[in-house]
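Single-structure report; data block below.
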There are 2 protein chains.
Amino acid sequence: MSNTKAPPVPKVEPCCPPLTERPLTAEEAERTAAMFKALGDPVRLRLFSLVASHDGGEACVCDISDVGVSQPTVSHHLKKLREAGLLTSERRGTWVYYRVEPSVLAAMGRLLVSAGA
Amino acid sequence: MSNTKAPPVPKVEPCCPPLTERPLTAEEAERTAAMFKALGDPVRLRLFSLVASHDGGEACVCDISDVGVSQPTVSHHLKKLREAGLLTSERRGTWVYYRVEPSVLAAMGRLLVSAGA
DNA sequence: CGGCTGATTCGACGTGTGTCAACATAGGTG
DNA sequence: CACCTATGTTGACACACGTCGAATCAGCCG
């Protein structure tokens, strides 16, 4: 594969300063809230943790489909997480593998930890 | 009422290991997702950042009511944040002051930063 | 090629959520 | 005490969201 670099942009930047630094603008809040909302569903949060804690930081859909909802629903939630920029997907042969996007995750964490510290 | 002390517990504990450590259980996910969901609305996230970034870590409702929605809606969102354990409120005379709950915030941050690192 | 398994998409349905206007409550002030 | 400001509560409504079954698409294998 010609993945020499990474032209498909991450597109979701660090975004915002720590919440204690200064109030978020309407636009910042809009963008950031979308990520929190993506993790605001139990099933999605569980799927996300399954991918994040899997070996190599990636997991096949077939490995994480046992969260108590139907398989189409799993696919639906994975799509939401992908749209929020938290996960990336790649098809390899028969199976599709999902992987966490570290930078976005770190940015969200930074918003909170600094606020708590 | 004869509330001699403060039976209303904080009730929201650190909760969970970093998301990379191990998959969340259904119950853990349920509890944690509720907090993320609370921050998953632009207006709420903005209100929260307004309180968090305010001097002394607390803010009067009158100081943060200018987020583009009606006053009842602000009150509604503040209630949601309070129920999620992210904010505490206290009435002092005419005004009601809101304050962030540092421990909960730190716990959420820990979930994410460890995952990103 | 025909069929099989894995995964996403589509259409529908019930529930949850954000929003507001109107009303109710708390506390200060004349 | 009557009024006025500051918050919270209620009821209603439109819309978004989670869920599923059925249909569809993507590769593999016999």
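Chain A is the first sequence line, chain B the second, and so forth, proteins listed ahead of strands; every chain is numbered from 1. All figures in this text were calculated on a predicted structure; none of them were measured in a lab.
- B:H76 has its NE2 atom 14 Å from the C1' atom of D:dA12, to the nearest Å.
- As judged by a 4.0 angstrom heavy-atom cut-off over every strand, A:T94 is placed among residues touching the sugar-phosphate backbone only.
- In this structure, the side chains of B:M108 and B:L39 come closer than 4.5 Å at one or more pairs of heavy atoms.
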Practice prompt. Please step through side chain to side chain contact (heavy atoms under 4.5 Å, CB included) for the pair A:V61 and A:S75, ending with a clear verdict.
Written response: CA-CA 8 Å; A:V61 176; A:S75 194; over 6 Å; no
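- Within the 4.0 angstrom heavy-atom criterion, only backbone atoms of the sugar-phosphate kind lie near B:H77; the bases stay farther away.
- Side-chain N/O atoms of B:S75 include none lying less than 4.0 angstrom from OP1 or OP2 on D:dT7.
- Residue-level contact check: A:V43 touches the backbone only, with heavy atoms under 4.0 Å from sugar-phosphate atoms and none from bases.
- Across C:dG6, D:dG18, D:dT7, the shortest atom-to-atom separation from the side chain of A:K80 is found for D:dG18.
- The residue among A:K79 and A:W95 whose nearest nucleotide of DNA chain C lies closer to the 5′ end is A:W95.
- Put simply, CG on B:L78 is 17 Å from P on C:dT17, counting in whole angstrom units.
- Here D:dG8 presents its P atom at 12 Å from CD of B:E83, a figure rounded to the nearest Å.
- Residues A:Y98 and A:L50 are not in side-chain contact: their nearest non-hydrogen atoms beyond the backbone lie 4.5 Å or more apart.
- For B:C62, whose side chain is taken as the heavy atoms from C-beta onward, the closest listed nucleotide among D:dT19, D:dT7, C:dC20 is D:dT7.
- An OP1 or OP2 oxygen of D:dC20 is reached within less than 4.0 angstrom by a side-chain nitrogen or oxygen of A:S70.
- Closest to the side chain of A:T73, out of D:dC20, D:dG8, C:dT8, is D:dC20.
- Computed from coordinates, the A:R92 CZ to C:dA7 P distance equals 12 Å when rounded to whole Å.
- A salt bridge links B:R92 with B:E58: the closest approach of a Lys/Arg side-chain nitrogen to an acidic carboxylate oxygen falls below 4.0 angstrom.
- Ranked by how close their nearest DNA chain C nucleotide is to the 5' end, B:K37 and B:G93 are led by B:K37.
- The residue A:Y97 sits apart from the nucleic acid: no heavy atom pair falls under 4.0 Å.
- Between the CD atom of A:E30 and the C1' atom of C:dG18 there is a distance of 13 Å, rounded to whole Å.
- Here the P atom of nucleotide D:dA6 and the OH atom of B:Y98 are 16 Å apart, to the nearest Å.
- Atom CD1 of B:I64 is separated from atom OG of B:S49 by 9.5 Å, given to the nearest 0.5 angstrom.
- C:dT5 atom C1' lies 11 Å from atom CD of A:Q71, rounded to whole Å.
- Regarding B:R46, its CZ atom lies at a distance of 16 Å from the C1' atom of C:dG18, rounded to whole Å.
- Among the heavy atoms of the strands lying under 4.0 Å from A:R44 are primed sugar atoms or P, OP1, OP2 only; no base atom is included.
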